[in-house]
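One structure below.
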Amino acid sequence: LLLLWTFCEWPELLVSNSQREIWKWWEEEPKYEDSIKWMSLRHNGPAFPPPYERLPDNIKFYYNGEIVTLNSEAEEVASLYAKMLYHELTRDETFCKNFFTDWKDAMSPEVKDVIAALDQCDFREMAAYYKRKKTNEKVQQEFGYFFLDGHKQRIGNSPSRGKLKKKILPEDVTINCSEKEIPEPLPGCSWGQVQHNSAVIWLASWKESPPGKLKYMMPHANSKLMGERDWKKYEVARRLKHHRDHIQEQYRKDWDSEDKSLQQRGVVLYLIDKFALRVGNKTKEGMMANTFGCCSLRVKHVTLHEDHKGETKKLEFNFMGKSSILDKKMVPVEEKVFRNLQLFKEEKGERGEADLFDHVNPQVLNTYLKGLTKGLTTKVFRTHIASITMEQELKNLTHHIKDKVSSFNEANRKVAELCNHQRTKPALHWFELQVTIEASRDELSLSKKKLEQAMQGSSTEELKNDVKRKDDELRELGVNSSMEENKQLNLNSSKLYYIDPRIIVAWCIKWGVPVEKIYTKAQRDKFAWAIHMNDENFEF
DNA sequence: CGGTTCGACTCAGAAATGTCACT
DNA sequence: AAGTGACATTTCTGAGTCGAACC
């Protein structure tokens, strides 16, 4: 399960330093059908890092205190572990066990005989070497480009490095490009497959092994291919306003339906329409914590409060959502929804583990929604509600607050709250903390020593205080290391994925706020289409 | 034909990196 | 004037959605 290398830097070949061409694709008439994504697509394929370089002679690996010379492959694998020696993961039993098993496979028989336990291995010299090397080298991480219909475009994610996965070779990679524009693989290698599929936008793909999931090399967010989709996404979300009344009317009727699946669909749709929940596909039941969305909610995730704090009919959500972020909130609901939920829970005998909505699933919902208007699916509601809310909040807040940027952030915060976008304040890294504690302990013992020496002499009061203070500091560090994580709102996700940029651009023009105050460089590139439209009167 | 898996995107917070004011 | 530390921005890649293929 080891990935020795994976794709990383892009060859500089195609990178020119000349001024960046701005392709105003949003001003052009569509030249081909929706289902065709490109006419020509040229790129160099993924770049592979150079082969492994052996450690210099002065850097040793020790087993049980003795120098052991590893064979090249075993050393390469060891270097992966050494590089993350001070990462919390190296304390994880399973991680170490897996690593050790895989590492042994890479060892020569002689080395294998010697190395019997991971905890007798001393990687510290190697770790120090790589830490030095990393800071010295300052690897130039230049992004690559590809050519779409003759225009230069950036490539998106440069896939992971240094993770424990299988080595990816050109033979594992499928290239997607124009005919006659096939990139050169590494000398002596060949691509696994080459295809010319203009119905998709990816440039290269490969299977990650494990877990066998497909990975893609995709265009950058600021490219035409991605921007176009983004624009389209907001257009669909915008159109929902013409259908929302009808949808609401319909689901209110469905609450009274004799048909269980209609009745449940009605309630689920209400929850999605009111509280911007995700649809909730089935998630893989592995060792990972199960997460939930609207359709997959269990009985225990919803608590009904008949009379909560003097108000009536409140619903309490409490479940793990996407990325294991806790969704916990108390919301008012309409009488009939309340009664229906009560019924659904009773039907399952209040068994907490039972599925609350056992007669609907995401496919059923989307099939229904697609029938109402083209492109409508459940996730559109989140986009729609977020954008509508932003527009409304901006209208309400901007007049009252002198600082326009703060009022913007305030509106943004409301949307983030709605979408339950959280951010975990990172606790001090385990290792860094250990180092700090270690240093602190050294200081303390030094002070103690000084104190002892001074005992013979006179003025020891100051030194005594010093010892006491340092002792307290050390104790404090110990407490902080077990500090509980504290959750805060994260405004970035909603800004990047849910709020129509044209709303923001219009607001900027109206209040004379430079777009630069709101969007970062990368964000301005991503939303170039919206910024260039420059429509002050835009209404979502 | 209903459920499950697969392929292709789309969204997610954390980690890594950059910046800037202050020593 | 190089370090440092708080905060901002960018990168990374896992975790969702959803239509289509498969069975």
Side-chain angles (χ1 to χ4, degrees), chain A residues 3 6-8 35 37 84 87-89 134-135 138-139 141 143 154-163 165 174 176 195 197 199-203 205-208 211-222 225-226 228-230 232-233 261 272 277-284 286 288-296 320-325 361-367 369-370 375-383 386 416 419-429 432 485 487-498 516-517 519-526:
Chain A
L3 170 88
T6 124
F7 314 104
C8 52
S35 56
K37 309 293 167 57
M84 58 188 310
H87 193 279
E88 205 162 346
L89 226 40
K134 194 178 162 194
T135 44
K138 178 88 188 176
V139 186
Q141 270 223 25
F143 266 91
R154 258 179 88 183
I155 289 165
N157 61 328
S158 80
S160 78
R161 301 205 274 170
K163 277 225 161 178
K165 287 169 204 157
T174 302
N176 190 43
Q195 61 169 50
N197 181 2
V200 296
I201 64 174
W202 51 266
L203 311 176
S205 72
W206 61 92
K207 270 230 168 78
E208 197 114 284
K213 251 190 97 178
L214 267 170
K215 290 278 183 186
Y216 299 93
M217 184 158 85
M218 295 287 255
H220 194 266
N222 68 15
L225 255 12
M226 298 304 256
E228 219 168 33
R229 285 164 168 273
D230 213 27
K232 203 165 285 167
K233 174 183 84 180
S261 51
I272 288 169
L277 301 183
R278 295 188 188 86
V279 69
N281 278 299
K282 287 259 174 300
T283 53
K284 285 260 183 296
M288 295 296 156
N290 259 9
T291 57
F292 303 88
C294 198
C295 287
S296 57
M320 285 289 198
K322 181 176 177 178
S323 302
S324 297
I325 298 297
N361 60 47
Q363 293 93 292
V364 167
L365 278 186
N366 285 336
T367 309
L369 293 173
K370 238 188 335 176
L376 185 61
T377 63
T378 40
K379 81 195 256 302
V380 175
F381 282 81
R382 256 169 95 78
T383 317
C419 296
N420 195 41
H421 288 144
Q422 297 185 5
R423 154 173 84 99
T424 309
K425 198 178 157 195
L428 202 50
H429 229 213
E432 289 168 38
E485 291 181 332
K487 298 269 185 183
Q488 294 171 21
L489 279 181
N490 151 32
L491 309 195
N492 229 33
S493 294
S494 50
K495 202 172 168 189
L496 230 38
Y497 305 118
Y498 288 100
E516 291 77 20
K517 295 249 188 219
Y519 283 134
T520 67
K521 176 74 175 64
Q523 291 167 347
R524 293 198 299 278
D525 285 347
K526 169 174 170 150

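By convention in this document, chain letters (A, B, ...) are assigned in the order of the sequence lines, proteins followed by strands, and residues within each chain are numbered from 1. Just the heavy atoms: all of them, side chains too, but no hydrogens, waters or symmetry mates, feed the values below.
- Nearest approach of A:R524 to A:Y519, heavy atoms of both residues: NH1-O, 2.8 Å.
- Nearest nucleotide to the side chain of A:E208, out of C:dC18, C:dG14, B:dA12: C:dG14.
- In this structure, the side chains of A:I201 and A:Y216 stay at 4.5 Å or more apart for every pair of heavy atoms.
- Look at A:Y497 and you won't find any side-chain N or O under 4.0 angstrom from OP1 or OP2 of B:dT10.
- Within the 4.0 Å cut-off from OP1 or OP2 of B:dC9, at least one side-chain nitrogen or oxygen of A:R229 is found.
- Evaluation of the side-chain hydrogen bond (donor to acceptor under 3.5 Å, both in side chains) rule for A:S493 yields A:N490 as partners, not counting sequence neighbours.
- The nucleotide whose nearest atom lies closest to any side-chain atom of A:K379 is, among B:dC11, B:dA12, C:dG14, B:dC11.
- Between A:N361 and A:V200, the one whose closest nucleotide on DNA chain B sits nearer the 5' end is A:N361.
- Scanning for salt bridge (charged side-chain N to carboxylate O under 4.0 Å, His left out) contacts around A:K233 gives A:D230, with sequence neighbours left out.
- Neither OP1 nor OP2 of B:dC11 sits under 4.0 Å from any side-chain N or O of A:S323.
- Counting to the nearest Å, the P atom of B:dA8 and the CE atom of A:M226 are 14 Å from each other.
- Taken to the nearest 0.5 Å, the CZ atom of A:R423 stands 8.0 Å off from the CG atom of A:L491.
- Atom CD1 in A:I272 sits 11.5 Å away from atom CZ in A:R278 (nearest 0.5 Å).
- Among residues two or more places apart in sequence or in another chain, the side-chain contact (heavy atoms from CB on, under 4.5 Å) test is passed with A:S323 by A:I325.
- Distance NZ/A:K215 to CH2/A:W202: 15.0 Å, rounded to 0.5 Å.
- Residue A:T520 is the one, among A:T520 and A:P362, whose nearest nucleotide of DNA chain C lies closer to the 5' end (criterion: closest heavy atom).
- A:R382 has no side-chain polar atom (N or O) that falls below the 4.0 Å cut-off from OP1 or OP2 of C:dT17.
- Rounding to whole angstrom units, CG of residue A:N492 and P of B:dC11 are separated by 14 Å.
- Rounded to whole Å, the distance from CD on A:E228 to C1' on B:dC9 is 15 Å.
- Of all the heavy atoms in A:T377 and A:L369, the pair that sits closest is C-CD1, 3.7 Å.
- Following rounding to the nearest Å, A:R423 (CZ) and B:dA15 (C1') show an atom-to-atom distance of 14 Å.
- Contacts of A:G280 with the nucleic acid, taken as non-hydrogen atoms under 4.0 Å apart, involve only primed sugar atoms and P, OP1 or OP2.
- A residue-by-residue look at A:V380 and A:Q523 shows that A:Q523 has its nearest nucleotide of DNA chain C further toward the 5' end.
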Pairs: protein N or O with nucleotides 20-23 of chain C N or O, under 3.5 Å:
none

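- Between A:K213 and the phosphate of B:dC6, there is no side-chain N or O to OP1/OP2 separation shorter than 4.0 Å.
- Atom CG of A:N281 and atom P of B:dC9 are 18 Å apart (whole Å).
- Residue contacts shown for A:T378 are limited to sugar-phosphate atoms, with no base heavy atom under 4.0 Å away.
- At whole-Å resolution of the value, NZ in A:K215 and P in B:dC9 are 15 Å apart.
- Here the P atom of nucleotide B:dG7 and the CG atom of A:L214 are 5 Å apart, to the nearest Å.
- Here the CG atom belonging to A:L214 is positioned 8.0 Å from the OG1 atom belonging to A:T174, to the nearest 0.5 angstrom.
- Phosphate proximity of B:dG13 to A:S493: present, with a side-chain N or O under 4.0 Å from OP1 or OP2.
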Show me the dot-bracket string of DNA chain C, counting Watson-Crick or G-U pairs under 3.5 Å, with | for pairs to another strand and [ ] for crossing ones. .||||||||||||||||||||||

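- Applying the salt bridge (charged side-chain N to carboxylate O under 4.0 Å, His left out) criterion to A:K207, with sequence neighbours excluded, gives no partner residue.
- B:dA12 atom C1' lies 12 Å from atom CG of A:N420, rounded to whole Å.
- Between A:Y498 and B:dA12 there is a side-chain polar atom (N or O) within less than 4.0 angstrom of OP1 or OP2.
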